[in-house]
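Data first, discussion second: the structure below is written as structure tokens.
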Amino acid sequence: NCVMIADGNHGHNKAGAKVMFSGVMNRVFIIKVHADFKDWKSDFAITNNIHPGVMSFLENTMYQGFFHEAEQVEVPWGSPRAWTRFANLLAGLERMKKDLPIGDIHTIAEGHVSKEAASAFVNYYKIYSRFNIPEIIQNAKNYPIPDQPVDKYALAHALTSYYIGAHNRKSILDGFALMLYKYATQEEDLAIAMVHNL
């Protein structure tokens with residue numbers, strides 16, 4: 001009257017995997033699972049306040065391949081666990097020091113994920129972090145949507161993340177709504193993504 005459920009690495013090509021006896025294999029029901037980014041974001045990352053820069057980076061279809069990189073033995077590789085550790089460390093360091101040197105961020109990222117993923121994240125983070133969101137919201141009437149696609153994307157997610165995390169949303173609602181309206185009239189897909197994240 002019981003069912004045993006176990007999880008782990010399976011197969012010969014995964015680090016830490018063990019070959020299972022044929023008698024055991026003949027008596028089990030194997031279900032291959034894979035962590036989906038959307039599920040990770042909605043069921044875990046948002047509720048656990050994972051760094052919005054990391055979330056928006058991984059949400060971009062250009063970078064989603066980094067969410068699950070090929071498993072390595074001697075070097076870091078991107079996985080939901082690795083990105084979570086990196087995001088938490090980055091958020092903690094940002095609280096301690098407002099202007100982190102980009103070289104330090106690159107070193108920390110490369111200690112958690114692949115070199116390619118770390119470089120791509122740092123290039124994105126340089127754009128994401130350069131926006132002064134409180135000032136943009138305060139001067140929303142005169143602030144234009146950026147021209148470059150990656151800038152538009154980064155600003156949209158930075159605005160939404162700032163609004164979601166704001167303690168007094170009423171005081172910034174008008175400015176945020178105006179920026180959202182500008183996106184809705186100029187970049188419809190990004191406006192939909194902003195509303196979806198809200």
Side-chain angles (χ1 to χ4, degrees), residues 1-96 105-122 124-125 128 153-154 156-158 160-167 169 189-190 192-198:
N1 292 330
C2 71
V3 174
M4 295 176 67
I5 300 173
D7 67 347
N9 296 330
H10 182 255
H12 299 288
N13 61 341
K14 300 296 180 189
K18 305 292 183 194
V19 176
M20 295 178 75
F21 297 116
S22 60
V24 173
M25 287 299 296
N26 194 243
R27 290 167 171 81
V28 298
F29 171 32
I30 293 178
I31 303 172
K32 293 182 179 179
V33 296
H34 181 82
D36 178 73
F37 171 76
K38 288 181 180 176
D39 291 338
W40 175 82
K41 181 187 170 193
S42 62
D43 297 341
F44 174 77
I46 291 174
T47 55
N48 287 281
N49 297 315
I50 297 300
H51 193 292
V54 173
M55 271 197 290
S56 62
F57 169 77
L58 293 169
E59 190 169 36
N60 191 322
T61 51
M62 280 175 55
Y63 307 124
Q64 278 193 358
F66 294 130
F67 184 61
H68 263 295
E69 296 183 288
E71 189 171 327
Q72 304 296 317
V73 177
E74 296 182 350
V75 292
W77 45 280
S79 69
R81 184 184 298 119
W83 283 109
T84 299
R85 280 198 325 268
F86 168 63
N88 289 338
L89 180 56
L90 180 60
L93 290 170
E94 283 178 344
R95 283 192 296 272
M96 289 169 34
I105 295 171
H106 190 272
T107 300
I108 294 162
E110 208 172 286
H112 289 83
V113 297
S114 72
K115 288 183 178 184
E116 296 80 13
S119 295
F121 175 78
V122 166
Y124 174 77
Y125 183 82
Y128 177 89
Y153 179 88
H157 282 276
T160 309
S161 301
Y162 182 81
Y163 180 76
I164 290 169
H167 295 294
R169 291 182 189 155
D189 290 347
L190 284 173
I192 292 169
M194 290 170 77
V195 171
H196 182 265
N197 284 337
L198 288 171

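None of the values given here were measured: they were computed from a predicted structure.
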Atom [atom1] of [X] and atom [atom2] of [Y]: how far apart are they, to the nearest 0.5 Å?
X	Y	atom1	atom2	answer
N197	I192	CG	CD1	12.0 Å
I105	L90	CD1	CG	5.5 Å
H51	E94	NE2	CD	3.0 Å
D43	K38	CG	NZ	13.0 Å

To check you understand the geometry: which heavy-atom pair defines the closest contact between [X] and [Y], and what is its length?
X	Y	answer
T47	S42	CG2-O, 4.4 Å
M55	I46	SD-CG1, 4.0 Å
F66	A117	CD2-CB, 3.5 Å
V113	A118	CG2-N, 3.8 Å

Are [X] and [Y] packed together at the side-chain level, in the sense that at least one heavy-atom pair is separated by less than 4.5 angstrom?
X	Y	answer
K41	I50	no
M62	Y153	no
T160	H196	no

Considering the options Y128, Y124, Y63, which one meets the side-chain hydrogen bond (donor to acceptor under 3.5 Å, both in side chains) requirement together with S56?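 Going through the options one by one, the only one that passes is Y124.
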
Is atom CG of N48 surrounded by more than 12 heavy atoms (other residues, nucleotides or ligands) closer than 6.0 Å?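 Counting neighbours around CG of N48, more than 12 heavy atoms of other residues, nucleotides or ligands fall under 6.0 Å, so yes.
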
Closer than 3.5 angstrom, by distance alone: can the side chain of [X] be matched with the main-chain N or O of [Y] as a donor-acceptor pair?
X	Y	value
H112	I108	yes
Q64	E59	yes
E74	Q72	no

Would you call the rings of F121 and F86 parallel, tilted or perpendicular, where under 30° means parallel and over 60° means perpendicular?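 If you compare the ring of F121 with that of F86, the planes turn out perpendicular.
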
Taking side-chain contact (heavy atoms from CB on, under 4.5 Å) as the test, write out the residues that go with P80, two or more places apart.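 For P80, the residues satisfying side-chain contact (heavy atoms from CB on, under 4.5 Å) (neighbours in sequence not counted) are A35, W40, F67, H68.
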
